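Nothing here was measured: the structure is a model prediction, and the numbers come from that model.
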Amino acid sequence: MRFEDNWQYSWQALIRHKLRTVLLLIAVAIGVTSVLLLTSLGEGARLFIEKEFSQLGSEIMVVLPGKKETTGGGSVPVYGSTPRDLTIEDAIAMKKISTVKAIAPIIAGTSLLSYQGKSREVITLGSSKEIFAVRKLNLSKGKIFNSKASDLAKPVCVLGATIKQELFGNQAAVGQWLRFSGQRFRVIGVLQERGESMGLDMRQMAIIPIRSAESLFNSPALFRVLLELKHANTEQYTEDKLRALIKKRHEGEDDITILTQNSLMNAFNKILTLVTASIGAIAAISLVVAGFLIMNVSFVSVSRRKEEIGLLKALGATAKEIRLIFLTEALLLVSLGVLTGLILGYGLTALAAIIWPVFPVSIPWWATLASIVVALAIGLLFSWLPAAHAAKHDPVLALRGN
Amino acid sequence: MNSALIDIQHLNKTYIVGEQPLQVLKDINLQIKQGDYLAIMGPSGSGKSTLLNMIGLLDRADNGEYLLKQQATLTINEEQRAALRRAHIGFIFQNFHLIPRLSAAENAELPLMLAGMARKQRRAKVQQVFRRLGIAERADHLPKQLSGGQMQRVAIARAMVLEPQILLADEPTGNLDQKSGREVVELLEELNRQGITLIMVTHDQQLAKRAPRQLTMVDGEITEDTQQTQQSRQQQDAL
């Protein structure tokens, strides 16, 4: 039998049994699509977590007061308490470490923000101007406060986008005066709209100079200090220096916890591994389901045609030719089904990305590969088995249709 | 008798029906010469179709000997049997066994396609056979658009395109009305006159009587063979 006749014969079998072909195609396509969609959800969750971490930036370190409790074996950091606060002076001392490019000490607290009769509880961060660079915060209006303002506890503030909208609506906020728990502050800037990062919704916050916060909350205790390094890969050196520095300033105790992006990533690696593993499980289950679907479909479609196999044998076809004919047909059918499934799967995730842009649905490449390989392998195998079985035996059995 | 085209000796075949073994062929001995015209008769279940399938290499006997053109066929593998089928045997079935999705010409082309002939030559060959069988204008019709007689002609064309030496017909008129049945039989006899060996299974006495040699089977045994009767008569006459 010639190569082109083989393809022609299989192609005819598909296009002249349109209903059967379409049904089989749908079965294969659904199998492939379900694998792609399910894994894309899992992968989306994983990417979402990863994105959250990467926003921190790789050259950022976070210093927290209190020592990390390493007992209990948990990999998620648990912070102990300490009698000694981390102070603004500690932070200023940190600036002298040679590898540190910028520091942004943060005092955090809630204050009642009020403007013309409207008021709202707001998380207020007191910091230096470096916080804007370190946390990559951009302004949509106005300007940030300068270092002089930080040192002199000037009553100025930068508002998050949501706060600004709630208090001022569409009016200009910059230049207006409002009250933080009774104290008057002037709005000098508004933050650009931006989603959550590291669990902090910057749209819901107000930022004031650190000395202003110190007096507003009547405490020099820092919530944390953000450090930006001059160069990557100097975390370890910087950490040693920081600990030595704090030890000297804190009566021989380095009662701080230092987080780098790497250590955070490590801390959450277990979660990420779990997420990845569950994606794998989801993929495996959907592949098995799809595999069974394709298996049944292929098996039934060939078994129903034993008579044709018997006839071809009676006409002089060898068992090898029969297997080749039915493998070709299965290859065509499953390939078309896989193609349809891929188009559907990628189309639907693209659609989901448009409808639901916050959640990054994404089909992992290995799921695509696995679904193609499994669909083809199972489709071909379970077409080949009944075809080979029918081809091996005396044609009279197949002609009778059993 | 060594020149027999088909030489069957002590052939046995047993099917397992349910749990009971059923011997459908019992010690069959049969010699058929090139150009013979043979009708096999018998009630249903007598094993006549099984015998035809054996001759056509569609089924395999349990033991005995079947030489096709002096070549043993029971010990060779399925691929070799397929090659023998393709080279020597054309088959016609009671229910035609045309593939519904293929046109008449495509159905008849199948053996040529399997044998690896190029499309153009196939078309020409089939067209020629179709003209001879009087169905040339039906070449592009699907089986469902054809009458029974026309379908059987397509099946005959399919059996003939490789110009086999043996034409096996299993109740070729069984699904046809009388007129088209007679036409089909006349067609087969015409092919026999041109030299092909024709073996036909039928339960129709009238039809069987047209064959010079008639075989009757009952319960898996050949109970009557007109040729052997003639031979023994000749032998008796000689004595």
Practice task
With chain A as the partner chain, list the residues of residues 103-117 of chain B whose heavy atoms fall under 4.5 Å from it, by residue number, and write 'none' if nothing qualifies.
Solution key: B/Ser103, B/Glu106, B/Leu110, B/Pro111, B/Met113, B/Leu114, B/Gly116, B/Met117
Flag yes if more than 12 heavy atoms outside [X] fall under 6.0 Å of its [atom1] atom; otherwise flag no.
X        : atom1 : value
A/Phe299 : CZ    : no
A/Trp11  : CH2   : no
B/Asn63  : CG    : yes
A/His17  : NE2   : yes
A/Trp7   : CH2   : yes
B/Gln20  : CD    : no
B/His141 : NE2   : yes

Completion exercise
Applying a strict 4.5 Å limit to non-hydrogen atoms, the region of B/Ala87 in contact with chain A is neither
Exercise for the section: Please flag which part of B/Glu79 lies under 4.5 Å from any non-hydrogen atom of chain A: side chain, backbone, both or neither. Expected result: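 Interface part for B/Glu79: both.
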Practice task
Give the minimum heavy-atom separation between A/Asp5 and B/Arg122, together with the two atoms involved.
Solution key: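 A/Asp5 and B/Arg122 have their closest heavy atoms at OD2-NH1, 2.6 Å.
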Problem - Close side-chain approach of B/Arg119 to A/Arg2, heavy-atom, < 4.5 Å - result: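 Heavy-atom side-chain distance check fails, nothing below 4.5 Å.
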Handout entry: Beyond-backbone contact of B/Leu102 with A/Arg16, side-chain heavy atoms, under 4.5 angstrom
Key =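 A side-chain contact under 4.5 Å exists here.
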Problem - Contacting region of A/Gln12 [heavy-atom separation from chain B under 4.5 Å] - result: both
Exercise for the section: Among B/Ala83, B/Gly56, B/Ala82, single out the residue with the greatest number of heavy-atom pairs under 4.5 Å to chain A. Expected result: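 Looking at each option in turn, the highest pair count goes to B/Ala82.
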Handout entry: Nearest-0.5 Å distance, CD of residue B/Glu78 to NZ of residue A/Lys320
Key =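 Rounded to the nearest 0.5 Å, the CD-NZ separation comes out at 15.0 Å.
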Exercise for the section: Among A/Leu312, A/Ile325, A/Asn6, A/Leu315, single out the residue with the greatest number of heavy-atom pairs under 4.5 Å to chain B. Expected result: A/Leu315
Handout entry: B/Arg101 to A/Tyr9 six-membered ring, cation-pi geometry met (6.0 Å, 45°)
Key =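 Here B/Arg101 passes the 6.0 Å and 45° test against A/Tyr9.
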